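Structure, as structure tokens:
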Amino acid sequence: EPEVTQTPSHQVTQMGQEVILRCVPISNHLYFYWYRQILGQKVEFLVSFYNNEISEKSEIFDDQFSVERPDGSNFTLKIRSTKLEDSAMYFCASSTRTGGGYTFGSGTRLTVV
Amino acid sequence: DQQVKQNSPSLSVQEGRISILNCDYTNSMFDYFLWYKKYPAEGPTFLISISSIKDKNEDGRFTVFLNKSAKHLSLHIVPSQPGDSAVYFCAASGGNKLVFGAGTILRVKS
């Protein structure tokens with residue numbers, strides 16, 4: 001079954017450093033997303049991406065965050081200057097359409113120290 | 001953001017019996033509802049969904065019921081199996097994003 005692949009599975013970084021989280025969505029999917037889950041909290045929407053541009057973003061997704069689809073297969077989330085409160089599981093997802101049918105990756109655990 | 005609520009943090013059920021997980025929402029503009037299952041250190045796995053124009057959708061052991069007037073949906077698992085033990089998230093689709101509930105931990109005892 002097709003799957004969404006995320007790398008790395010775990011990243012530890014120092015506060016203030018830049019991190020890039022990588023995702024390979026399912027190849028025929030057109031919509032791409034990033035979500036995060038802080039330990040003990042809900043899964044939260046960060047950003048959706050369609051047709052090479054952001055289609056919606058949450059208030060969490062401030063200027064420190066950016067997304068890119070650099071080569072037609074990868075979908076990346078960059079955090080420019082990490083803060084302690086950015087520590088969370090970050091999930092990439094993709095879908096063929098808006099609405100149902102999202103497939104999530106296994107997540108990247110980001111730990112900011 | 002309390003648009004999607006799962007008021008039961010946990011549920012314990014005997015193997016073979018029915019599990020009923022509940023979810024309430026406040027935004028009448030949601031057009032699609034989904035249930036995801038999640039194990040620790042893994043991403044959410046899609047289980048079943050329902051469009052807002054329907055009131056029931058069934059897939060094997062899983063059935064989702066939607067009561068639009070009450071803004072309530074539920075997931076029924078019959079019969080429950082020990083492998084069903086996981087965190088279950090209700091999610092609602094609005095525009096280009098999903099809004100998740102806090103999750104319910106289901107434990108199925110053998």
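Since this is a predicted model, take the numbers as computed values, not measurements. Letters A, B, ... mirror the listed sequences (proteins, then strands); counts begin at 1.
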Tell me whether Lys83(A) at atom NZ has more than 12 heavy atoms from other residues, nucleotides or ligands lying less than 6.0 Å away.
yes
Find out if a path of hydrophobic residues (ILVMFWY) with successive side-chain heavy-atom gaps under 4.5 Å connects Ile50(B) to Phe65(B).
no
Are Leu47(B) and Val108(B) connected, step by step, through hydrophobic side chains (Ile, Leu, Val, Met, Phe, Trp, Tyr) whose heavy atoms are closer than 4.5 Å?
yes
Is it true that, when you exclude Asp63(A) itself, more than 12 heavy atoms of the residues, nucleotides or ligands shown sit nearer than 6.0 Å to its CG?
no
Segment of Glu44(A) engaging chain B (4.5 angstrom heavy-atom cut-off):
neither
Contact class of Phe89(B) relative to chain A, heavy atoms under 4.5 angstrom:
side chain
Are there over 12 heavy-atom neighbours, none belonging to Arg17(B), within less than 6.0 Å of that residue's CZ?
no
Got a sec: does the CD of Glu85(A) have more than 12 other heavy atoms crowding it under 6.0 Å?
yes
Leu98(B) vs Tyr35(A) side-chain heavy atoms within contact, under 4.5 Å
yes
Which heavy-atom pair separates Glu42(B) from Phe91(A) by the least distance, and what is that distance?
O-CE2, 3.6 Å
Neighbourhood of chain B inside residues 105-113 of chain A, taking heavy atoms under 4.5 Å as contact
Gly105(A), Ser106(A)
Please tell me whether Tyr36(B) and Tyr102(A) form a close aromatic pair, meaning their ring centres lie under 6.0 Å apart.
no
Single-linkage hydrophobic cluster Val4(A)~Met89(A), side-chain heavy atoms < 4.5 angstrom:
no
In this structure, are over 12 heavy atoms from other groups packed under 6.0 Å from Ile53(B) atom CD1?
no
Heavy atoms only, distances under 4.5 angstrom: which of Gly40(A), Ser55(A), Ser9(A), Ala93(A) has the most pairs with chain B? Name it, please.
Ser55(A)
With a 4.5 angstrom heavy-atom cut-off, could you sort out which part of Ala41(B) is near chain A: side chain, backbone, both or neither?
backbone
Is it true that Trp35(B) and Ile77(B) fall in one hydrophobic cluster, defined by side-chain heavy atoms closer than 4.5 Å?
yes
